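Order of appearance sets the numbers: ligands from 1, and atoms from 1 within every ligand. Given the structure is predicted, the values throughout are model-derived calculations rather than measurements.
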Amino acid sequence: YAKSNTKGKHQFFDSAMDEQLKLRLNVIKELKGAIENDEMVLFYQPQFCLKTNQYIGVEALIRWFKPDGTIISPMDFIPAAEDSGQIVHIGEWVLRTACAQQVAWIKQGLPPLRMAVNISMRQFKDPNFIDYVYETVKSTGIDPKHLELEVTESMVSEDAMVFIDQLSMLRMDGITVAIDDFGTGYSSLSYLQRLPVDRVKIDRSFIRRVESNAGDKTIVSLIVKMGHELNLQVIAEGVEDQEQTEVLLELGCDEVQGFYYAKPMHPDDVKSLLLSKS
Ligand code: C2E
Ligand code: MG
Ligand code: MG
Ligand code: MG
């Protein structure tokens, strides 16, 4: 009995794996030409400064509008695009589009916003990455001090030296760097201290219950203190209500991003929001 049971489980596991693999391969196939067919769209989620009480930046978040009318979340295709290497091509389009949008908004009368762009490790490993960033800054005319790259903690541990060198080079040009989803990885304090970064983004998982869970509040408080000691700005992501905002204000967090302030939106909606607020 035991034997056939194990075997049954095995088969189930295998076919589930199979299904997942098939799905991923299908995504990779469908992603081919998605940029060229204008199926990708960037939404922008405003970031709000608690010190000055104004919107100071946006994060570019990709959406895939498939020809059949479905909208695919980045969580459902970025991992596949990373596996296949397609993220390099997609990432170049994201960077170019986001920088051009930042410049277009200024021409439309908006204050210069910080433009945060998510970067995958696979992009950093591309030998042309740094050159591409420089070229994009030049061709779009964005002031490099308004461009921010979001990287994750886990990327840092992968190939620390190469990564740190590249980040330092980019920062020399005035580009800023944020560590995304902070608190979910395993970086040690000494590590963080050596990292050439400007901002930490506290992961949404600690914000969700920051007003009700003492442990989460302690972690957020420590990240804010540590960030400030290291001369870093601290932003909280996933802020969904007034109660969370009040705790973050009390803890001295610099900036917030979340549905309570604004959802990721179409560039025209960012424009209306910012023109109505300034
Ligand atoms: P992320 O960089 O941590 O982005 C924040 C995610 O949290 C976004 O999900 C955003 O819509 C969501 N979010 C913001 N505020 C709230 C809130 O108050 N409540 C909740 N529940 N969620 C909130 P999204 O747009 O689905 O993106 C998911 C992830 O996909 C991103 O996480 C990022 O890792 C990746 N991603 C998105 N766009 C790009 C891109 O252009 N390039 C790369 N490499 N990755 C991207
Ligand atoms: Mg991000
Ligand atoms: Mg994040
Ligand atoms: Mg996240």
Side-chain angles (χ1 to χ4, degrees), residues 27 31 34-35 39-48 55 57-65 70-102 114-126 129 132-133 136 147-155 176-185 197-211 220 223 234-245 247-248 253 255-267 269-270:
V27 168
L31 271 175
I35 297 273
E39 293 171 23
M40 294 297 174
V41 175
L42 285 189
F43 274 29
Y44 300 89
Q45 186 177 30
Q47 301 176 327
F48 189 83
Y55 288 104
V58 294
E59 175 177 11
L61 295 161
I62 196 169
R63 304 285 180 263
W64 182 12
F65 287 71
T70 51
I71 304 174
I72 315 290
S73 137
M75 258 123 62
D76 295 326
F77 68 90
I78 293 287
E82 285 171 342
D83 277 2
S84 67
Q86 287 162 312
I87 191 67
V88 173
H89 183 52
I90 295 172
E92 289 181 350
W93 175 83
V94 168
L95 194 67
R96 198 162 69 233
T97 306
C99 291
Q101 182 62 65
Q102 197 272 359
R114 186 174 72 221
M115 174 59 75
V117 178
N118 291 287
I119 308 288
S120 299
M121 190 58 192
R122 183 65 181 72
Q123 293 175 262
F124 268 96
K125 286 191 174 147
D126 184 80
F129 178 68
Y132 189 79
V133 175
T136 305
L147 175 60
E148 179 152 287
L149 305 182
E150 292 195 5
V151 302
T152 60
E153 262 176 300
S154 58
M155 289 162 65
T176 57
V177 177
I179 309 189
D180 206 352
D181 306 332
F182 190 78
T184 57
V197 299
D198 303 275
R199 195 178 327 278
V200 286
K201 295 190 79 175
I202 308 176
D203 192 67
R204 191 162 82 224
S205 58
F206 302 109
I207 306 305
R208 195 176 301 136
R209 284 164 306 169
V210 74
E211 79 284 10
V220 172
I223 295 176
V234 181
I235 180 166
E237 62 177 9
V239 178
E240 293 185 350
D241 58 43
Q242 178 65 33
E243 290 72 34
Q244 293 167 347
T245 305
V247 176
L248 292 164
C253 187
E255 301 174 352
V256 282
Q257 176 183 343
F259 296 168
Y260 182 63
Y261 286 88
K263 294 213 161 151
M265 47 177 110
H266 187 276
D269 296 327
V270 174

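- When the N, O or S atoms of E59 are ranked by distance to the Mg ion (ligand 2), OE2 comes first.
- For E150, the N, O or S atom with the smallest separation from the Mg ion (ligand 2) is OE1.
- The proximity of E59 to ligand 1, defined as any non-hydrogen pair under 4.0 Å, is limited to the side chain.
- Taking 2.8 Å as the threshold, E237 does not count as a candidate ligand of the Mg ion (ligand 2), since none of its N, O or S atoms lies below it.
- Between N118 and ligand 1, at least one pair of N/O atoms sits closer than 3.5 Å.
- Counting only N and O atoms by type, the side chains of Q47 and Q257 include a donor and acceptor under 3.5 Å apart.
- When R63, E82, E237, M40 are ranked by how near their heavy atoms come to atom 25 (O) of ligand 1, first place goes to R63.
- Close contacts between ligand 1 and S120 involve ligand atoms 44 (N) [criterion: under 4.0 Å to a heavy atom].
- Residue D180 has at least one N or O atom closer than 3.5 Å to an N or O atom of ligand 1.
- Considering both main-chain and side-chain atoms, R204 comes within under 3.5 Å of ligand 1 through a nitrogen or oxygen pair.
- Judged by distance alone, the side chain of Q244 and the main-chain N or O of E211 form no donor-acceptor pair under 3.5 Å.
- To the nearest 0.5 Å, atom CZ of residue F206 and atom OG1 of residue T184 are 6.5 Å apart.
- For atom 38 (N) of ligand 1, the nearest non-hydrogen atom from the set T184, I62, D241 comes from I62.
- The CE atom of M121 sits 11.0 Å away from the CD atom of E82 when rounded to the nearest 0.5 Å.
- Panel note: side chain Y55, backbone Y261; a donor-acceptor pair is recorded below 3.5 Å.
- Contact annotation: G238 has at least one heavy atom less than 4.0 Å from an atom of ligand 1.
- Note on D180: its N/O/S atom closest to the Mg ion (ligand 3) is OD1.
- Only the side chain of D181 comes within 4.0 Å of ligand 1, counting heavy atoms alone; its backbone N, CA, C and O stay farther away.
- Residue P264 approaches ligand 1 through these ligand atoms, each under 4.0 Å from one of its heavy atoms: 11 (O).
- Between F43 and F65, the angle of the ring planes lies from 30° to 60°, which puts this pair in the tilted group.
- With Q123 contributing its side chain and I119 its backbone, the two residues share no donor-acceptor pair below 3.5 Å.
- Considering just the N/O/S atoms of D181, the one nearest the Mg ion (ligand 3) carries the name OD1.
- Taking the six-membered ring where the residue is Trp, W64 and F77 present perpendicular rings, their angle passing 60° and hence far from 30°.
- In this view, H266 satisfies the side-chain hydrogen bond (donor to acceptor under 3.5 Å, both in side chains) rule with no residue, not counting sequence neighbours.
- Under 4.0 Å from ligand 1, not a single heavy atom of L42 appears.
- Listed by number with element, the atoms of ligand 1 under 4.0 Å from a non-hydrogen atom of M75 are 28 (C).
- Counting only heavy atoms from C-beta outward, the side chains of I62 and N118 never approach each other to under 4.5 Å.
- Residue E240 has at least one heavy-atom neighbour below 4.0 Å for each of these atoms of ligand 1: 17 (C), 18 (O), 19 (N), 20 (C), 21 (N).
- At a heavy-atom cutoff of 4.0 Å, ligand 1 is contacted by the side chain of Q45 but not by its backbone.
- Although no hydrogens or angles enter the test, the distance criterion places no donor-acceptor pair under 3.5 Å between the side chain of S120 and the main chain of R122.
- Interface atoms of ligand 1 facing V94, defined by a heavy-atom separation under 4.0 Å, are 41 (O).
- A salt bridge is absent between K201 and E148; no separation between the charged side-chain nitrogens and carboxylate oxygens falls under 4.0 Å.
- For the side-chain contact (heavy atoms from CB on, under 4.5 Å) test with L42, the passing option among V94, V58, L61 is V94; the others fail.
- Compare A60, A81, P74 by their heavy atoms: the one nearest to atom 37 (C) of ligand 1 is in P74.
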